[in-house]
Undergrad: 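Sharing a structure here in structure tokens format.
Sequential numbering from 1 along the given sequence is applied to the chain's residues. Just so we're clear, the structure is a prediction, and the values are computed from it rather than from any experiment. Order of listing sets the numbers, starting from 1, for every ligand and every atom in it.
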Amino acid sequence: MDEPSIRTLADPEEVSRTAAEEFVRIGREAIQVRGRFIVALSGGSTPRRLYELLSRPPFRGQLQWPLVEFFWGDERTVPPDHPDSNFRMAREAMLAKLDLSDSRVHRIEADRPDCTEAARDYQAEIARICGVSAEGKPPRLDLVLLGMGPDAHTASLFPSTEALKEKERWVVANFVPKLAGDRLTLTPVILNRAANVIFLVAGDDKADALAAVLEGPPDPDRVPSQLIRPESGKLLWLVDRSAASRLERQC
Ligand code: 6PG
């Protein structure tokens, strides 16, 4: 894996704008080469502004949205109209404004009673859309967007949880003790196959975690974002000055 690129930007707005530029650049290249753009969206609150920017000029007019396949990196075990739903956030901020066919939007059905079955079905959906076997190696997503929590979790790969050890499945139900519940999450098995991974990190509450991930000793069980090391893809960290304030190496 190449060394990650780290770009320190002035504030969350510049992080979002830069992410929108990268999203469109990667998307246009994927569509030009492969005829479509397969992306896994991040949840949480940071990417909301990115999604809003993508849904409006100038970015809206720069990508052939009907050729984009939207997946998610993780989902909470709530219905799609719940305030905590990552699907709802992306739909409100972007998807509903892009006049997309429902067939291009692949929601994680984390609200189903059997989370393990829902995870297995999501893996099958990824395989179906990407034209690979659900039993084999994961496909190479064109872009994965990720956030990071103050505990250095990403997607729903939380410290000391079972999903961190997953070596086969691309999607799992992951019990998170601190949340006293399950989350559905993509695992490093598929995340590290991606052609491009972009982290969006902003705020001084992330500074200690970011320093631990990028400059601390290897300790992925305690610092799960360290697990994200694309085998042959590009890893880009878009961080604001607050989040980067504890880094020795300023970029
Ligand atoms: C989720 C996300 C999670 C998120 C981080 C950062 O479902 O919450 O996938 O990994 O990216 O917790 O969240 P914020 O952007 O809200 O700080």
Side-chain angles (χ1 to χ4, degrees), residues 9 11-16 18-20 23 39-53 70-80 82-94 106-111 115 118-119 122 141 143-161 163-164 166 170-188 190-192 194 197-210 212-213 220 222-228 235-240 242-245:
L9 301 151
D11 53 32
E13 180 67 14
E14 197 181 352
V15 167
S16 302
T18 305
F23 186 103
V39 58
L41 300 178
S42 172
S45 57
T46 303
R48 178 186 289 272
R49 181 60 181 148
L50 162 60
Y51 301 157
E52 289 170 352
L53 288 172
F70 290 96
F71 291 93
W72 274 259
D74 74 321
E75 187 56 277
R76 294 87 178 274
T77 51
V78 296
H82 190 282
D84 290 347
S85 165
N86 289 335
F87 168 82
R88 171 176 160 175
M89 187 277 276
R91 181 180 58 188
E92 288 178 348
M94 173 173 63
H106 310 284
R107 179 177 78 88
I108 302 176
E109 296 176 342
D111 50 326
C115 284
Y122 201 63
L141 304 181
L143 173 60
V144 172
L145 296 173
L146 291 173
M148 187 189 71
D151 61 357
H153 83 264
T154 189
S156 285
L157 301 168
F158 284 83
S160 305
T161 57
L164 304 187
E166 182 60 40
W170 319 343
V171 189
V172 296
N174 189 31
F175 180 72
V176 184
K178 72 188 271 189
L179 302 176
D182 281 321
R183 290 276 192 94
L184 265 71
T185 187
L186 267 57
T187 68
I190 187 170
L191 295 173
N192 285 334
V197 178
I198 300 179
F199 274 93
L200 285 76
V201 184
D204 55 23
D205 64 325
K206 310 287 178 76
D208 288 335
L210 188 63
V213 173
R222 190 178 60 83
V223 188
S225 291
Q226 286 183 341
L227 288 169
I228 308 306
L235 175 55
L236 171 61
W237 289 82
L238 297 179
V239 303
D240 74 350
S242 299
S245 59

Undergrad: Examine distances only and state if a side-chain atom of D240 and a backbone atom of G203 form a donor-acceptor pair shorter than 3.5 Å.
TA: yes
Undergrad: Please report which non-hydrogen protein atom sits nearest to atom 16 (O) of ligand 1, along with the residue it belongs to and the distance in Å to one decimal place.
TA: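 For atom 16 (O) of ligand 1, the nearest protein heavy atom comes out as S45 OG, 2.6 Å.
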Undergrad: Just need the protein heavy atom nearest to atom 11 (O) of ligand 1, so name the residue and atom and give the distance.
TA: G147 CA, 3.3 Å
Undergrad: Could you check atom 15 (O) of ligand 1 against the protein and tell me its nearest heavy-atom contact, residue, atom and distance included?
TA: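 That would be T46 OG1, 2.6 Å.
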Undergrad: Quick check: does any side chain N or O of Q226 sit under 3.5 Å from a backbone N or O of A212, one acting as donor and the other as acceptor?
TA: yes
Undergrad: Which part of L146 is near ligand 1, with near meaning a heavy atom under 4.0 Å away: side chain, backbone, both or neither?
TA: neither
Undergrad: Considering only the protein, which heavy-atom contact is closest to atom 13 (O) of ligand 1, and what is its distance?
TA: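 Of the protein heavy atoms, G44 CA, 3.9 Å lies nearest.
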Undergrad: When only distance counts, is K206 in polar contact with ligand 1, meaning an N/O pair under 3.5 Å?
TA: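 In this structure, K206 places an N or O atom under 3.5 Å from an N or O of ligand 1.
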Undergrad: Can you say whether the rings of H106 and F71 are parallel (under 30°), tilted (30 to 60°) or perpendicular (over 60°)?
TA: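 Rings of H106 and F71: parallel, as their planes differ by under 30°.
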Undergrad: Among all protein heavy atoms in this structure, tell me which lies nearest to atom 6 (C) of ligand 1, with the distance rounded to 0.1 Å.
TA: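 So the nearest neighbour among protein heavy atoms is M148 O, 3.5 Å.
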Undergrad: Which ligand 1 atoms are under 4.0 Å away from a heavy-atom of N86?
TA: 1 (C), 7 (O)
Undergrad: How long is the straight-line distance from CD of E109 back to CG of L184, given to the nearest 0.5 Å?
TA: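 So the gap between those two atoms works out to 10.0 Å.
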Undergrad: Would you say the side-chain atoms of N192 pair up with the backbone N or O of L227, donor to acceptor, closer than 3.5 Å?
TA: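 The answer is yes, because a donor-acceptor pair under 3.5 Å joins these two groups.
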Undergrad: Just to check, does A155 reach to within less than 4.0 Å of ligand 1 when the distance is taken from its heavy atoms?
TA: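 Checking ligand 1 against A155, which is what was asked, there is a heavy-atom contact under 4.0 Å.
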Undergrad: Heavy-atom contact under 4.0 Å between E75 and ligand 1?
TA: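 Checking ligand 1 against E75, which is what was asked, there is no heavy-atom contact under 4.0 Å.
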Undergrad: Heavy atom of S42 under 4.0 Å from ligand 1?
TA: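 Yes, that is the case, since the closest heavy atom of the residue is under 4.0 Å from the ligand.
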Undergrad: Establish, from distance only, whether the side-chain atoms of D182 and T77 form a donor-acceptor pair under 3.5 Å.
TA: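 Short answer, no.
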Undergrad: Considering heavy atoms of the protein only, find what lies nearest to atom 1 (C) of ligand 1 and give residue, atom and distance to 0.1 Å.
TA: R76 NH2, 3.4 Å
Undergrad: Report yes or no: does E75 contribute a side-chain atom to a donor-acceptor pair with the main-chain N or O of N86 at less than 3.5 Å?
TA: yes
Undergrad: Consider every N or O of H153 and every N or O of ligand 1, then say whether any pair is closer than 3.5 Å.
TA: yes
Undergrad: Does the N174 side chain pair with the main chain of S156, one donor and one acceptor, at a distance under 3.5 Å?
TA: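 Yes, because the side chain of N174 sits within donor-acceptor range (under 3.5 Å) of the backbone of S156.
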Undergrad: Examine the proximity of ligand 1 to D74 and report which part, side chain or backbone, both or neither, has a heavy atom under 4.0 Å away.
TA: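 It is the side chain that gets close, since no backbone atom is under 4.0 Å.
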Undergrad: Examine distances only and state if a side-chain atom of S85 and a backbone atom of V78 form a donor-acceptor pair shorter than 3.5 Å.
TA: no
